[in-house]
Amino acid sequence: MKKLKLFSISLFVALTCASFASCSDDDNDLENGSLAGTSWTILSNIYDETGEEDDDEELELIGCTITFLKDGNVKFNPSVVWTYAKWTQDGNTLKLILGEGEPDDYMEGTFTINDKKATYKYSWYDCDGKWGGNSFYTMTLQKK
């Protein structure tokens, strides 16, 4: 009887440990397209070489909300100049393909989440491969 009681307690402890070990924090997991269906407000967009805000007047992104739709499209609110906006993700690498009516340029870099904030460290590239990867930016975002 004593062995049966000890076995039962051991089995309970083992199952309890296994159930806790199998849980994960899905908010920080970027595997398998977990950005799909999420929305983020852009808090800052720093040009890394100067440490200053990117002041491209055409692309006023600070305060803008970006939504990663499940179908691979991107929605900006308020609207921006890009009428073509798609996203892909491979692990923590995020690629935003942008253009006016068709793919023109893309942003690619690492997207890391820490609780409800994210950091996107990226470079700009031309879709035709004519230029890119020379300048680096860091965007800070807040999950909505």
Side-chain angles (χ1 to χ4, degrees), residues 5-144:
K5 186 176 179 182
L6 184 59
F7 175 75
S8 297
I9 292 172
S10 298
L11 181 61
F12 175 75
V13 169
L15 289 174
T16 304
C17 290
S19 67
F20 284 116
S22 65
C23 294
S24 69
D25 183 1
D26 291 338
D27 286 345
N28 295 332
D29 184 11
L30 289 179
E31 296 300 319
N32 302 319
S34 66
L35 285 176
T38 63
S39 294
W40 301 81
T41 300
I42 300 171
L43 302 177
S44 68
N45 193 26
I46 305 293
Y47 179 50
D48 286 352
E49 292 175 19
T50 64
E52 302 203 5
E53 293 283 345
D54 181 14
D55 61 357
D56 190 341
E57 293 176 19
E58 200 174 273
L59 306 175
E60 195 56 46
L61 296 177
I62 298 170
C64 183
T65 298
I66 181 170
T67 302
F68 299 98
L69 301 174
K70 292 181 181 182
D71 64 2
N73 286 303
V74 174
K75 179 181 171 189
F76 292 95
N77 188 16
S79 296
V80 294
V81 296
W82 303 303
T83 55
Y84 181 96
K86 304 272 186 193
W87 72 280
T88 64
Q89 178 186 344
D90 183 11
N92 71 339
T93 300
L94 174 64
K95 183 176 185 179
L96 294 172
I97 307 157
L98 307 165
E100 295 179 38
E102 62 185 358
D104 185 25
D105 302 328
Y106 65 93
M107 304 159 66
E108 186 170 37
T110 58
F111 194 92
T112 55
I113 299 173
N114 185 2
D115 195 24
K116 299 284 185 190
K117 291 208 174 180
T119 303
Y120 183 35
K121 294 185 178 187
Y122 66 95
S123 290
W124 279 99
Y125 300 87
D126 177 59
C127 283
D128 293 330
K130 296 177 183 173
W131 54 267
N134 297 327
S135 298
F136 300 93
Y137 300 84
T138 300
M139 185 182 291
T140 306
L141 305 99
Q142 174 78 41
K143 191 170 186 181
K144 291 200 66 131

Engineer: Have S44 and T140 got a donor and an acceptor in their side chains that come within less than 3.5 Å?
Structural biologist: yes

Engineer: I'd like to know if the side chain of W131 reaches the main chain of W124, judged simply by a donor and an acceptor atom lying under 3.5 Å from each other, with no hydrogens or angles considered.
Structural biologist: no

Engineer: Using a 3.5 Å distance criterion without hydrogens, assess whether the side chain of Q142 forms a donor-acceptor pair with backbone atoms of K144.
Structural biologist: no

Engineer: To the nearest 0.5 angstrom, please state how far the CD1 atom of I113 sits from the OG1 atom of T119.
Structural biologist: 10.0 Å

Engineer: Please name all residues satisfying side-chain contact (heavy atoms from CB on, under 4.5 Å) with S135, sequence neighbours left out, ordered by chain then number.
Structural biologist: Y47, E49, Y137

Engineer: State which residues pass side-chain contact (heavy atoms from CB on, under 4.5 Å) with T83; sequence neighbours excluded, sorted by chain then number.
Structural biologist: E100

Engineer: Can you name the side-chain hydrogen bond (donor to acceptor under 3.5 Å, both in side chains) partners of S39, sequence neighbours left out?
Structural biologist: T67

Engineer: Taking the ring of W40 and the ring of F111, is the distance between their centroids below 6.0 Å?
Structural biologist: yes

Engineer: Apply side-chain contact (heavy atoms from CB on, under 4.5 Å) to K95 and list each qualifying residue two or more places apart in sequence or on a separate chain.
Structural biologist: T88, I97, Y106, E108

Engineer: Would you say the side-chain atoms of Y120 pair up with the backbone N or O of M107, donor to acceptor, closer than 3.5 Å?
Structural biologist: yes

Engineer: For I66 and L96, what are the C-alpha separation, side-chain angles and deciding distance, and is it a side chain to side chain contact (heavy atoms under 4.5 Å, CB included)?
Structural biologist: CA-CA 11 Å; I66 181 170; L96 294 172; 4.1 Å; yes

Engineer: What residues, two or more places apart in sequence or in another chain, satisfy side-chain hydrogen bond (donor to acceptor under 3.5 Å, both in side chains) together with N73?
Structural biologist: D71, K86

Engineer: Please report the interatomic distance NZ(K117) to OG1(T112), rounded to the nearest 0.5 Å.
Structural biologist: 13.0 Å

Engineer: Name all residues meeting the side-chain contact (heavy atoms from CB on, under 4.5 Å) criterion together with K130; count only those two or more places apart in sequence or in a different chain, and write none if there are none.
Structural biologist: D126, D128

Engineer: Starting at CD of E102, measure out to CG of D104 and round the result to the nearest 0.5 Å.
Structural biologist: 7.5 Å

Engineer: Restricting to ring-ring contact (aromatic ring centres under 6.0 Å, His included), what partner residues turn up for F76, sequence neighbours left out?
Structural biologist: W82

Engineer: Which heavy atom in I62 sits nearest to a heavy atom in L43, and how many Å separate them?
Structural biologist: CG2-O, 3.4 Å

